[in-house]
Structures are given as structure tokens and as C-alpha cells.
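Order of the sequence lines sets the chain letters (A, B, ...), proteins ahead of strands, with each chain counted from 1.
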There are 2 protein chains.
Amino acid sequence: MSAPPAHRLLARLRHFTVFSPEERNAINTACGGSALVARQRRDLIREGDRPRGVPLILEGWAFRYKTLEDGRRQIIALHLPGDLCDIHGSILRKMDHSIGALTQVRYVELTRDQIDDLAALGPRVHQALWWDSLTTAAIQREWTVNLGQRDALERLSHLFCELIFRLRAVGMIDGLRCEIPLTQTDLAEATGMTPVHVNRMVQELRSRQLIRWKGREFEALDLDGLCDVAMFNPAYLHLDHEGRHLDALG
Amino acid sequence: MSAPPAHRLLARLRHFTVFSPEERNAINTACGGSALVARQRRDLIREGDRPRGVPLILEGWAFRYKTLEDGRRQIIALHLPGDLCDIHGSILRKMDHSIGALTQVRYVELTRDQIDDLAALGPRVHQALWWDSLTTAAIQREWTVNLGQRDALERLSHLFCELIFRLRAVGMIDGLRCEIPLTQTDLAEATGMTPVHVNRMVQELRSRQLIRWKGREFEALDLDGLCDVAMFNPAYLHLDHEGRHLDALG
DNA sequence: CGTTTCCTTGACTTAACTCAAGAGGAGTGG
DNA sequence: CCACTCCTCTTGAGTTAAGTCAAGGAAACG
């Protein structure tokens with residue numbers, strides 16, 4: 001038997017609050033609908049489409065992106081298992097960007113009603129969903145800072161640091177090792193540089209003994225060092241049990 | 001007598017839905033608390049602070065920013081009159097960035113309860129508040145694209161285009177003329193370039209007869225041309241009466 | 001007025017891009 | 001099993017967009 005559907009989501013939300021077993025069950029039930037699969041490099045939803053439900057990533061990595069008229073493409077966000085993509089976006093009539101699958105992605109689409117029902121479970125769940133979308137927004141802001149102020153090496157290091165912390169939050173890291181199913185071209189589109197330059201920066205991080213990365217196998221050899229290079233401050237991820245004050249269980 | 005407090009906010013929300021007179025009154029009442037004033041170049045709230053209420057800008061321009069350890073600073077967002085800053089941010093314990101006043105800013109701080117009361121007025125208001133925070137997120141995404149993919153001239157043009165559309169949405173533009181109370185250094189911090197280079201790009205836009213800008217007086221001499229340079233597509237602002245389907249009044 | 005802030009310009013430097021070619025794997029089909 | 005393609009990564013050489021440094025001018029301010 002496999003992990004419950006909301007396994008990764010619950011792992012993440014645990015950084016904000018502590019749920020009762022009933023709440024956990026209810027969340028798992030809500031997320032237990034029939035899973036959809038997007039094949040690698042296909043879109044889950046495309047710019048211009050009318051938003052359907054809210055995708056919850058169960059397995060695999062997805063990404064949001066936007067394409068300019070002349071073909072330049074920017075990856076706006078990365079989504080890991082447990083991520084809710086755009087929790088309230090269904091209010092808008094048209095997607096202003098696309099969501100694609102980096103790897104094969106298993107996901108469920110939560111309906112508006114399902115989200116509302118979850119929120120109605122009580123203030124803990126309600127606020128946890130809020131926290132989710134607020135942290136998503138905070139990540140987006142940090143990406144803005146990253147692109148605006150950091151140089152290439154810092155930008156790349158920062159992205160690696162963020163991914164490490166986020167993967168850790170959903171229990172997908174083994175010490176400092178994890179899978180990063182991104183190509184250097186993907187990294188280029190996420191960090192606003194050319195693939196060639198990403199390659200040079202990756203070499204630089206390798207030669208400084210900060211990372212090991214071959215195929216999908218990634219390891220931070222010196223996380224503190226990597227954070228220093230990136231000037232990474234994880235506060236924006238709001239993973240530090242912010243919501244303990246809401247915790248009815250102790 | 002002066003304009004009702006939610007004047008600009010209502011002007012903006014009108015792009016999403018149409019309110020009944022009762023709803024409008026209720027919104028104005030909620031926003032009618034005693035206004036606060038932030039002096040020019042002072043902070044409304046600072047990174048690390050506990051969020052208080054949700055600032056609603058009544059007059060003046062504000063900006064969100066984040067500072068790196070070494071002093072580099074990125075302006076993450078600009079806020080015009082009628083903007084609600086971070087409508088649900090009060091759930092988080094600590095601000096991960098600061099909000100400052102570009103000009104003198106008059107604003108009110110809406111409490112969590114006031115927001116909840118507004119949302120309880122009915123689905124139109126509730127969804128309009130949602131729409132507000134979704135468009136804020138969409139703008140943040142577009143800034144990510146802007147910083148990641150566009151070159152200096154495009155970036156600057158794009159920001160001008162966005163400001164024109166947003167100012168128009170709150171009725172603060174006269175044809176193609178408006179006030180832009182930003183210094184070139186502010187623009188530099190918003191677009192991730194140096195003030196010197198902003199200056200050169202401004203000159204370039206002037207010499208192409210696309211803009212006039214002296215002091216605070218700004219005019220787009222050729223908005224289509226400016227949009228072309230920027231590859232500006234206003235869809236992300238979601239100003240096209242998306243919510244007419246929610247409109248009970250016709 | 002004098003002072004400060006903001007804008008402007010020029011000369012020089014540098015980070016990152018471009019173009020091009022080759023190497024290493026992974027998968028496919030004969 | 002080999003030959004093939006395709007994709008990703010890697011490296012080098014030359015180019016360019018943007019940054020840096022420095023100084024002067026204009027405008028706003030008190």
C-alpha cells in the first residue's frame with residue numbers, strides 16, 4: 001500500500017500547525033480523488049485556459065512558466081510534491097501562464113468546493129491553507145529579489161538552497177542528498193541566464209566543493225557554504241513552526 | 001469634502017465586479033477608520049515586525065522591498081492608491097520584507113476582523129477581495145518574468161506600461177499623462193539595474209519619442225510603441241471585467 | 001543663498017551572452 | 001551488438017550589455 005494522498009502536503013503544513021487525526025483524515029479524504037497523470041514535459045494547464053481545479057502535486061515536479069511573444073521563456077515557480085498550485089486561482093477566468101510537468105507528475109485537481117469544505121473543517125485547516133498560499137507568494141517575492149539583485153553564482157546557489165529546504169519540508173531529502181530532476185536548461189530558464197552560463201556556474205560550485213550533482217543525484221557537500229554564497233535566509237519560507245500559537249494539541 | 005475612503009479601491013474592484021450601493025457603502029465604512037500617515041521615505045512596516053493590520057493605501061505611493069545582508073536592495077512591488085498590501089499576511093508571524101513610503105502616504109490599517117466582515121457581506125465582495133490578492137500575485141509573477149527575460153530597455157518600458165494601466169484602473173491618469181513619483185534610483189531598484197543605466201534607458205525612450213518625463217510629470221507619447229518595446233500584454237492584470245459573470249446587477 | 005539630492009555624461013571594465021564544436025549518455029532500430 | 005539519433009553537458013574564443021567610477025550640472029530645499 002502507498003502513502004496517503006496528502007502525505008507530502010501534510011508534511012509541509014505541519015510546519016505551520018498541528019492537526020488532529022480527524023483533520024488529517026479529512027484532508028486525506030479530500031485529496032483522495034482519482035489521480036491524474038501528466039507525462040514528462042507536457043502541460044497540466046496552459047495560458048489562456050480557464051482554470052479548472054487546483055492541482056495538488058502528489059508525485060513529480062511541475063513548473064509554472066510564461067512565454068514572451070518572441071519565444072523567450074521564464075520559469076516562474078517550481079512545484080514539488082505536496083504543493084498546491086494557485087489555490088484560489090479558479091476565480092480568474094483565464095490562466096495568465098502555464099503549468100507544465102518537469103517529470104511525470106501524478107496529481108489531483110481539487111475543486112473549489114473541496115477547498116471550501118476543507119477550510120470549513122475549522123480555523124486550523126483554514127489558516128493552514130492560507131499559510132500555504134502566503135508562503136507561495138513569499139517564494140515568488142524572493143525569486144524577484146534573486147533575479148533582480150544576485151549575480152549568476154548567487155542566483156544558482158540560492159535556488160539550490162531553496163530546493164533543499166523545501167524538499168526537506170516534505171521529507172524528500174536524505175541528509176543533504178536529494179533528486180533534482182532539472183536540466184541545466186531548466187535552471188537557466190528559472191534563473192534568467194543562458195544554459196552555457198549555468199553550466200559554468202555549476203562547475204564553479206563543484207570546484208568549490210559546495211555541491212555534487214550528476215544526473216538527478218544532487219548533494220550539498222557544504223550547505224552552510226552554499227547558503228553563504230547565496231546569502232540565503234530561509235525566513236521567507238516560513239517553515240519555523242509559525243503557527244504553534246494555533247496549536248490546540250500542544 | 002473629500003472622496004470616500006475606498007474611492008480608489010472601489011475603482012479598481014469595479015474591473016472585477018459591480019457592487020450594489022449597499023456593498024459600496026459597507027466597504028467605505030470599513031475603510032473609514034482614522035487614517036494614518038507615513039512620511040516620505042519612511043517605513044510603514046519593517047522586515048521582522050509582526051504584521052498588524054492590512055494597509056490600504058488611500059493616497060501616495062508605497063513600495064515593498066527586501067534588503068540583502070550586503071545592502072543591495074530590491075523593490076519587490078509598487079503600491080498605488082487603492083492597493084491592499086498583503087491582504088492575508090497577518091497570519092504570518094513575521095514580515096519577511098518591508099513596506100516603505102515613496103511619497104507621503106495616507107493609509108488605513110484594516111484589521112483581520114474588518115476584512116472578514118467585508119468578506120461576509122456576500123460572494124461578490126468576498127470574491128472581489130480574492131481577485132485583489134490574485135492579481136497582486138499575478139503582478140509579482142510578471143515582475144519575475146520581467147527581471148528574468150527582458151533586457152534593460154524592455155524592463156523599463158514594461159514597468160511604465162504596467163504603471164499606466166494600473167493608474168488608469170484607479171482613475172489616476174489623464175489621457176496618457178500621470179504622476180510618477182519615482183526617482184531613477186527607485187526604478188533601478190525595481191528593475192534590477194544601476195541608476196546610471198536606468199538613466200541611459202530613459203534617454204533612449206525619450207529619444208525614440210515614446211515618453212516624456214520631467215520631475216513627476218510623465219506622459220506616454222506613444223503607448224502602443226511603448227507596449228511593443230516592452231512586449232507588454234496586460235492580460236496578467238486581469239482588468240477586463242473578468243467577474244461580469246458574478247454581476248447580479250447587469 | 002548654500003546644501004543636498006537627483007540627473008546626466010564619458011571613459012573604462014566586467015559579467016554574461018553568443019556561436020560553435022565536441023563529448024558523453026540514453027534510447028532506438030536494424 | 002552496433003550504428004544511429006537525440007539530448008544534455010562541456011569547453012573555448014570572441015562579443016556585447018550592463019556595471020563601475022568619476023565628475024559636473026540642474027533642480028529642489030531649508
Side-chain angles (χ1 to χ4, degrees), chain A residues 39-42 61 68 70-75 102-104 146-160 179-207 211-218 229-230, chain B residues 39-42 61 68 70-75 100-104 146-160 179-207 211-218 229-230:
Chain A
R39 301 201 58 92
Q40 189 170 27
R41 302 287 161 180
R42 294 296 175 73
W61 288 34
L68 300 186
D70 64 356
R72 278 178 281 176
R73 190 163 86 147
Q74 175 69 32
I75 294 181
L102 276 168
T103 63
Q104 174 162 302
N146 208 24
L147 288 164
Q149 294 302 322
R150 283 185 254 256
D151 69 20
L153 192 70
E154 295 166 340
R155 248 173 8 241
L156 197 62
S157 308
H158 193 278
L159 183 52
F160 284 137
E179 285 212 348
I180 294 193
L182 297 165
T183 64
Q184 293 184 0
T185 302
D186 295 328
L187 283 177
E189 290 181 348
T191 55
M193 37 184 161
T194 58
V196 171
H197 202 55
V198 167
N199 182 268
R200 291 191 232 267
M201 296 301 104
V202 169
Q203 312 280 358
E204 176 68 22
L205 292 176
R206 287 204 264 246
S207 79
I211 68 168
R212 241 174 24 83
W213 189 28
K214 181 137 179 84
R216 295 183 157 199
E217 303 300 317
F218 182 94
V229 169
Chain B
R39 301 202 58 92
Q40 189 170 27
R41 302 287 162 180
R42 294 296 176 74
W61 288 35
L68 299 185
D70 64 357
R72 279 178 281 176
R73 189 163 88 147
Q74 175 69 33
I75 293 181
L102 276 168
T103 62
Q104 172 162 303
N146 209 24
L147 288 164
Q149 294 301 322
R150 282 185 254 255
D151 69 21
L153 191 69
E154 296 167 340
R155 250 180 356 248
L156 196 62
S157 308
H158 194 280
L159 183 52
F160 284 137
E179 286 212 347
I180 295 193
L182 296 163
T183 65
Q184 293 185 358
T185 301
D186 295 329
L187 283 176
E189 290 181 350
T191 55
M193 37 183 162
T194 56
V196 171
H197 203 55
V198 167
N199 182 269
R200 292 192 233 266
M201 296 300 104
V202 168
Q203 312 280 356
E204 175 67 22
L205 292 177
R206 287 204 263 247
S207 79
I211 67 169
R212 242 175 22 84
W213 188 28
K214 181 136 178 90
R216 294 181 158 202
E217 302 302 317
F218 181 94
V229 169

Open item on the list: One character per nucleotide, please: for nucleotides 6-18 of chain D, 5' to 3', B when the base has a protein heavy atom closer than 4.0 Å, S when only the sugar-phosphate does, - otherwise.
Closed with: ---SSBBB----B

TODO: For A:Thr103 and A:Trp61, indicate whether the former's side chain and the latter's backbone hold a donor-acceptor pair under 3.5 Å.
DONE: yes

TODO: Please answer whether the main-chain N or O of B:Glu179 pairs with a side-chain N or O of B:Glu217 as donor and acceptor at a distance below 3.5 Å.
DONE: no

Whole Å only: how far is the [atom1] atom of [X] from the [atom2] atom of [N]?
| X | N | atom1 | atom2 | value |
| --- | --- | --- | --- | --- |
| B:Glu189 | D:dG19 | CD | P | 13 Å |
| A:Arg72 | C:dC17 | CZ | P | 12 Å |
| A:Lys214 | C:dA23 | NZ | P | 16 Å |
| A:Leu147 | C:dA15 | CG | P | 19 Å |

- [ ] Enumerate the residue pairs fulfilling salt bridge (Lys or Arg N to Asp or Glu O under 4.0 Å) with a member in residues 147-158 of chain B, sequence neighbours excluded, ordered by first and then second residue.
- [x] A:Arg72-B:Glu154, B:Glu142-B:Arg150

TODO: Return each pair, listed once, that meets salt bridge (Lys or Arg N to Asp or Glu O under 4.0 Å) where at least one residue sits in residues 192-207 of chain B; pairs must be two or more places apart or across chains.
DONE: B:Glu204-B:Arg208

Task: Non-neighbouring partners of A:Arg41 that pass side chain to side chain donor-acceptor pair (under 3.5 Å), sequence neighbours left out - done: A:Asp186

- [ ] Please list, chain by chain and in numerical order, all residues satisfying side chain to side chain donor-acceptor pair (under 3.5 Å) with B:Gln203, sequence neighbours excluded.
- [x] B:Asn199

Open item on the list: Between B:Thr191 and B:Met201, is there a side-chain heavy-atom distance shorter than 4.5 Å?
Closed with: no

Open item on the list: Can you tell me how far apart CZ (A:Phe218) and CG (A:Leu182) are? Round to the nearest 0.5 Å.
Closed with: 10.0 Å

- [ ] Can you tell me which stems DNA chain D forms, taking runs of 3 or more consecutive Watson-Crick or G-U pairs with both distances under 3.5 Å?
- [x] C:1-6 with D:25-30, C:8-26 with D:5-23, C:28-30 with D:1-3

